[in-house]
Protein chains: 2
Amino acid sequence: MTKKTSGNAPQENDTEETLVTIPAMREIIGYRLRRAQLFVFHDFLQTFAKMKLRPAEFSVLTLIAQTPGQKQTEIAGQLGIKRANFVALMDGLERRGLAERRKAETDKRSHSLHLTAEGVKFTQKMAKVWSAHEDRMIERLGGVAERDTLLKLLDKLATDPES
Amino acid sequence: MTKKTSGNAPQENDTEETLVTIPAMREIIGYRLRRAQLFVFHDFLQTFAKMKLRPAEFSVLTLIAQTPGQKQTEIAGQLGIKRANFVALMDGLERRGLAERRKAETDKRSHSLHLTAEGVKFTQKMAKVWSAHEDRMIERLGGVAERDTLLKLLDKLATDPES
DNA sequence: TATTGTTATACTCTATAACTATA
DNA sequence: TATAGTTATAGAGTATAACAATA
């Protein structure tokens, strides 16, 4: 049994015109999420300016490091990136010598993705630098407990209950 | 006194190489914020597809409705939109007959922004439609209490403590 | 000199269609 | 026929520089 959530339902009154309340920006979930996300990404971009690393590249390196050998469609799918747009992203990582495509033996259409030796070093450095950024965000939230609360709420918001 | 927040600090060990933990995507604040924001915006876009209204236009109409007469730089500034990019956005609202620029008497460089009569009706309809979208998001979060918790955390994350 | 609105421009991100080579 | 990767392309969103009118 879910709690009643009519916090924004317009109030009916007895005149002909319905009274409509224009929402305040600071109580709009989508808007506030967007501003917070931009703030965090801004800090991320500054943190990784020297390493010339964008959020999407960070994510791809992280997924390859955790599960090497996956194909492009799989990595792209997990991140919500269209496979057509993944190509240039992967080209960049390959050009920089951080990751590589290997011909898959079983299915010659697909590429299996791996980090290079340099990519492994880069990714470890990346994880350390990220840690400083993340700690800064946790500090702003007030601690790891608040971080966990936030992640739980974001989960409820954006995760399919049937999964 | 703020709580210690070393939740992601790398563990030192006694070998030469420092052990580095690659983070899991689901514990990365920025990534999770981004995915949640995309989810909410996707629902927003579907909700307003028939009215042909984008989030930025929604925000501008909302601010003009709440405080008519502000100039372009002021509205743009509150939303984090560059004044150069605000021009086309405002052109669109004016072309649709929803809002208008009026020559300001006091400072002839600036325009004061107002809703048209049609814009007022549109904005009231907009507020009602938005309410359904917002209630859907609140429902997912589990109720208004959880929504308030989320907004408070987003505030801590993205708001300057000195203000 | 500084500010408001504007134009032009470029860069990133995202979305779709169509091709190729394999399955 | 369907799938993996690719190319081309178009549309948003965003950032900067420079200009005219006005302060």
Side-chain angles (χ1 to χ4, degrees), chain A residues 30-31 33-35 37-42 44-46 48-49 52-60 63-64 69-95 99-114, chain B residues 30-31 33-35 37-46 48-49 52-60 64 69-95 99-114:
Chain A
Y31 176 71
L33 272 175
R34 175 77 177 142
R35 297 302 296 256
Q37 181 255 307
L38 286 175
F39 178 91
V40 175
F41 269 42
H42 185 253
F44 181 98
L45 288 171
Q46 283 194 312
F48 283 103
K52 291 220 174 293
L53 194 70
R54 321 219 91 240
E57 295 168 328
F58 174 95
S59 305
V60 171
L63 289 188
I64 298 178
Q70 289 188 101
K71 55 189 179 182
Q72 296 190 183
T73 309
E74 290 170 336
I75 301 278
Q78 289 169 64
L79 297 175
I81 300 173
K82 294 270 179 299
R83 71 189 197 283
N85 296 325
F86 188 84
V87 176
L89 213 173
M90 189 62 202
D91 286 348
L93 296 176
E94 208 163 27
R95 217 178 311 115
E100 60 185 11
R101 295 159 159 112
R102 292 184 197 158
K103 290 284 173 205
E105 290 295 318
T106 50
D107 183 342
K108 287 195 211 157
R109 291 172 302 181
S110 64
H111 296 152
S112 84
L113 304 185
H114 299 266
Chain B
Y31 176 72
L33 272 175
R34 174 77 176 143
R35 297 303 295 256
Q37 181 254 307
L38 286 174
F39 178 91
V40 174
F41 269 42
H42 185 253
D43 186 284
F44 181 98
L45 288 171
Q46 283 194 312
F48 283 104
K52 291 218 174 296
L53 194 70
R54 323 218 92 239
E57 296 167 327
F58 173 95
S59 306
V60 171
I64 297 179
Q70 288 187 101
K71 55 189 179 184
Q72 294 190 184
T73 310
E74 289 170 338
I75 301 278
Q78 288 169 66
L79 297 174
I81 300 172
K82 293 274 181 297
R83 72 188 197 282
N85 296 327
F86 189 84
V87 176
L89 213 173
M90 190 61 204
D91 285 349
L93 295 177
E94 208 162 29
R95 216 178 312 115
E100 59 185 11
R101 296 160 159 112
R102 293 185 196 158
K103 290 284 172 206
E105 290 295 317
T106 50
D107 183 342
K108 287 195 211 157
R109 291 173 303 181
S110 65
H111 296 152
S112 85
L113 304 184
H114 299 266

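Each chain gets a letter, A, B and so on, in the order the sequences are listed, and its residues count up from 1.
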Visitor: Restricting to non-hydrogen atoms, name the atom on A:S110 and the atom on A:K71 that form the minimum distance, rounded to 0.1 Å.
Guide: CB-CD, 3.8 Å
Visitor: Figure out the CZ/P separation between B:R102 and C:dG5, and round it to whole Å.
Guide: 15 Å
Visitor: Over how many whole Å does the gap from A:L113 atom CG to D:dT6 atom C1' extend?
Guide: 14 Å
Visitor: What I'd like to find out is whether the side chain of A:Y31 reaches to under 4.5 Å of the side chain of B:L79, using heavy atoms alone.
Guide: yes
Visitor: With the sugar-phosphate defined as primed atoms, P, OP1 and OP2, and the base as all remaining atoms, what B/S/- string results for nucleotides 16-23 of chain D, 5' to 3', for protein heavy atoms under 4.0 Å?
Guide: BBB--BBS
Visitor: Return no unless some side-chain N or O of B:T73 is found under 4.0 Å from OP1 or OP2 of C:dG5.
Guide: yes
Visitor: Between B:S110 and A:G80, just flag the one whose closest nucleotide in DNA chain C comes earlier from the 5' side.
Guide: B:S110
Visitor: Calculate the interatomic distance between B:L89 atom CG and C:dG5 atom P; express it in whole Å.
Guide: 14 Å
Visitor: Starting from P on C:dT14, measure out to CG on B:L38 and report it in whole angstrom.
Guide: 7 Å
Visitor: Inspect the contact between B:R102 and B:E100 and indicate whether a charged nitrogen and a carboxylate oxygen are less than 4.0 angstrom apart.
Guide: yes
Visitor: Whole-Å distance between C:dG5 P and B:K103 NZ?
Guide: 10 Å
Visitor: To the nearest angstrom, how far is A:H42 atom NE2 from D:dT14 atom C1'?
Guide: 13 Å
Visitor: Which residue, B:A56 or A:M90, contacts DNA chain D at a nucleotide closer to its 5' end, judged by nearest heavy atom?
Guide: A:M90
Visitor: Less than 4.5 Å apart, any side-chain heavy atom of B:T73 and any of B:F86?
Guide: no
Visitor: Is A:L45 close to A:P55 at the side-chain level, that is, under 4.5 Å between some pair of heavy atoms?
Guide: yes
Visitor: Just the rounded figure in Å: distance from P of D:dT7 to CD of A:Q72.
Guide: 10 Å
Visitor: According to side chain to side chain donor-acceptor pair (under 3.5 Å), does anything in residues 78-92 of chain A pair up with another residue at least two apart or in another chain? List the pairs.
Guide: A:Q70-A:Q78, A:D91-A:R101
Visitor: Does B:D43 offer a backbone N or O that forms a donor-acceptor pair with the side chain of B:Q46 under 3.5 Å?
Guide: no
Visitor: If I take atom CD in residue A:Q37 and atom C1' in nucleotide D:dG13, what distance separates them, rounded to the nearest angstrom?
Guide: 12 Å
Visitor: Give a yes/no answer on whether the side chain of B:R54 brings an N or O atom under 4.0 Å of OP1 or OP2 in D:dG11.
Guide: no
